[in-house]
Chemist: 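Submitted below is the structure of interest, expressed as structure tokens.
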Amino acid sequence: MSRSEIGILSLGLMAQALFSARILVQWITSERAGRVLSPTSFWTFSLLASFLLMLYGMFRQDLVIIGGQVISYLIYLRNLQFKGVWNELPGSVRWPAVLFPLGAVVWLVFGDAYSLTYIWEHSKVSGLLIAWGGAGQVIFTLRFVYQWYYSELAQESILPNGFWVISLVGSLMIVTYAVLRLDPVLLLGQVVGVVAYSRNLYLGLQKQSASQRTVS
């Protein structure tokens, strides 16, 4: 393995380490409270991890990874607004964070090296596998659209039960893609997630059941 390949792999592993850290912190916080919580650190880690994973996806020439992060990245920013953290950050941090997805899209469309056209023409992944992985990423990304919708209704950052259901379905599809793609970065990140998503869904359903009994 060349130095460049090691560097790219390290970038992806760092991103997945942050993703795993966010879900572990969220999981531990929720276990202590006995209900599903949405801590600020969950969204901070998410934003940093998403940034690194998009870079990894570009160097890996993987449209599935890149496409799965763009929408989620913007939703992470919105949740930081709900948490009241975003406005406290200096402009030197906020503006680059907002402009990064736009820059990434411009690079993919108009760039030469690792552009959208280059990645498509040089991809070694079959169209069927890309379609499967892409579907998994779409579902996985929709969990945050779902979360965003409910958070907008509540005007606060929340993680509803449906978020964990969608997370499980999308994650299991991506695990399959990662195995067939021989991508240890995706596989490691998703395996940790599946356990945490299952536990959060259990906590959420338990809380919902207790609330229904109280009302009855």
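Numbering starts at 1 and runs along the sequence shown.
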Chemist: What's the shortest heavy-atom distance between Tyr146 and Pro160, and which atoms?
Modeler: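 In terms of heavy atoms, the two residues are closest at CE2-CG, 3.5 Å.
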Chemist: Just by distance, do the side chain of Gln26 and the backbone of Leu37 share a donor-acceptor pair under 3.5 Å?
Modeler: yes
Chemist: Heavy-atom count check: over 12 atoms from other residues, nucleotides or ligands less than 6.0 Å from Leu201 CG?
Modeler: yes
Chemist: Look only at the side chain of Gln155 and the backbone of Glu152, and say whether a donor-acceptor pair between them is shorter than 3.5 Å.
Modeler: yes
Chemist: Does Tyr150, at its OH atom, have more than 12 non-hydrogen atoms belonging to other residues, nucleotides or ligands within less than 6.0 Å?
Modeler: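 12 or below, so no.
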Chemist: Between OG of Ser46 and CG of Leu77, what distance do you get to the nearest 0.5 Å?
Modeler: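 Ser46 OG to Leu77 CG: 10.5 Å, rounded to 0.5 Å.
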Chemist: May I ask you to check whether Tyr197 and Phe163 place their ring centres under 6.0 Å from each other?
Modeler: no
Chemist: Students often mix this up, so state it plainly: with edges at 30° and 60°, are the rings of Trp43 and Tyr76 parallel, tilted or perpendicular?
Modeler: tilted
Chemist: Kindly indicate, with the supporting measurements, whether the criterion salt bridge (charged side-chain N to carboxylate O under 4.0 Å, His left out) is fulfilled by Glu31 and Arg199.
Modeler: CA-CA 9 Å; Glu31 288 285 357; Arg199 180 57 180 168; 2.3 Å; yes
Chemist: For residues Trp164 and Val169: do they belong to one hydrophobic cluster (side chain heavy atoms under 4.5 Å, members Ile, Leu, Val, Met, Phe, Trp, Tyr)?
Modeler: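 Yes, one cluster joins them.
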Chemist: Side chains of Trp86 and Val98: does their closest heavy-atom pair fall under 4.5 Å?
Modeler: yes
Chemist: What are the two closest non-hydrogen atoms of Ile75 and Trp148, and how far apart are they?
Modeler: CG2-CB, 4.0 Å
Chemist: Report, as yes or no, whether the 6.0 Å neighbourhood of atom CZ on Arg35 holds more than 12 heavy atoms from other residues, nucleotides or ligands.
Modeler: no
Chemist: Taking Arg32 for its side chain and Thr29 for its backbone only, find out whether a donor-acceptor pair lies under 3.5 Å.
Modeler: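 Side chain of Arg32 to backbone of Thr29: no pair is present.
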Chemist: Could you tell me whether the side chain of Thr44 and the main chain of Thr40 form a donor-acceptor pair under 3.5 Å?
Modeler: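 Judged by distance alone, yes, a pair lies under 3.5 Å.
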Chemist: Does one side chain, of Ser20 or Gln16, offer a donor that lies under 3.5 Å from an acceptor on the other?
Modeler: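 There is no such pair (donor and acceptor under 3.5 Å, judged by atom type) between the side chains of Ser20 and Gln16.
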Chemist: Which heavy atom in Phe19 sits nearest to a heavy atom in Ser50, and how many Å separate them?
Modeler: CZ-N, 3.7 Å
Chemist: So how far is it from Leu142 CG to Gln147 CD, rounded to the nearest 0.5 Å?
Modeler: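 Leu142 atom CG to Gln147 atom CD measures 13.0 Å (nearest 0.5 Å).
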Chemist: Which distance, rounded to the nearest 0.5 Å, do you find between the CG of Leu13 and the CG of Leu9?
Modeler: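 Those atoms lie 4.5 Å apart.
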Chemist: Should Leu53 and Val175 be regarded as members of a common hydrophobic cluster, given that ILVMFWY residues are connected when their side-chain heavy atoms come within less than 4.5 Å of each other, either directly or indirectly?
Modeler: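 Result: no, two separate clusters.
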Chemist: Between Gln81 and Asn87, do the side chains contain a donor N or O and an acceptor N or O under 3.5 Å apart?
Modeler: no
Chemist: Distance from Ser167 atom OG to Ile139 atom CD1, nearest 0.5 Å?
Modeler: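 One finds 11.0 Å between OG of Ser167 and CD1 of Ile139.
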Chemist: Atom CZ in Phe140, atom CE in Met173: separation rounded to 0.5 Å?
Modeler: 12.0 Å
Chemist: Please tell me if the side chains of Phe100 and Met54 come closer than 4.5 Å, counting only heavy atoms from C-beta onward.
Modeler: yes
Chemist: More than 12 foreign heavy atoms under 6.0 Å from NZ of Lys83: is that the case here?
Modeler: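 Yes - once you tally the heavy atoms of other residues, nucleotides and ligands closer than 6.0 Å, there are more than 12.
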Chemist: Donor-acceptor check, side chain of Ser157 to backbone of Ser38, threshold 3.5 angstrom: yes or no?
Modeler: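 No.
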Chemist: What verdict does the ring pair (Phe, Tyr, Trp, His ring centres under 6.0 Å) test give for Tyr73 and Phe51, after you've listed the backbone C-alpha separation in whole Å, the side-chain angles of each residue and the deciding distance to 0.1 Å?
Modeler: CA-CA 8 Å; Tyr73 183 91; Phe51 171 83; 7.4 Å; no
Chemist: Is it true that the NZ or CZ of Arg78 lies under 6.0 Å from the centre of Phe82's six-membered ring and within 45 degrees of the ring axis?
Modeler: yes
Chemist: Quick check: is Val25 connected to Val36 through a chain of hydrophobic side chains (ILVMFWY, heavy atoms under 4.5 Å apart)?
Modeler: no
Chemist: Could you report the tightest heavy-atom contact between Ala196 and Ile23, atom names first, then the distance?
Modeler: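 What the structure gives for the nearest pair is CB-CG1, 3.3 Å.
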Chemist: Over all heavy atoms of both residues, which pair between Ala49 and Ala15 is shortest? Give the atoms and the distance, please.
Modeler: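 Looks like CB-O, 3.4 Å.
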Chemist: Please report the interatomic distance CG(Leu11) to CD1(Ile8), rounded to the nearest 0.5 Å.
Modeler: 8.0 Å
Chemist: Determine, using the 4.5 Å side-chain heavy-atom cutoff (strictly less than), whether Met14 and Val191 are members of one ILVMFWY cluster.
Modeler: no
Chemist: Can you check whether Arg22 reaches Leu24 side chain to side chain, under 4.5 Å on heavy atoms?
Modeler: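 No; the side chains remain at least 4.5 Å from each other.
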Chemist: Check whether any side-chain heavy atom of Val194 sits under 4.5 Å from a side-chain heavy atom of Leu168, and report yes or no.
Modeler: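 Side-chain contact under 4.5 Å: yes.
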Chemist: Check the hydrophobic clustering (I, L, V, M, F, W, Y; side-chain heavy atoms under 4.5 Å; chains of links allowed) and say if Leu48 and Leu80 are grouped together.
Modeler: yes
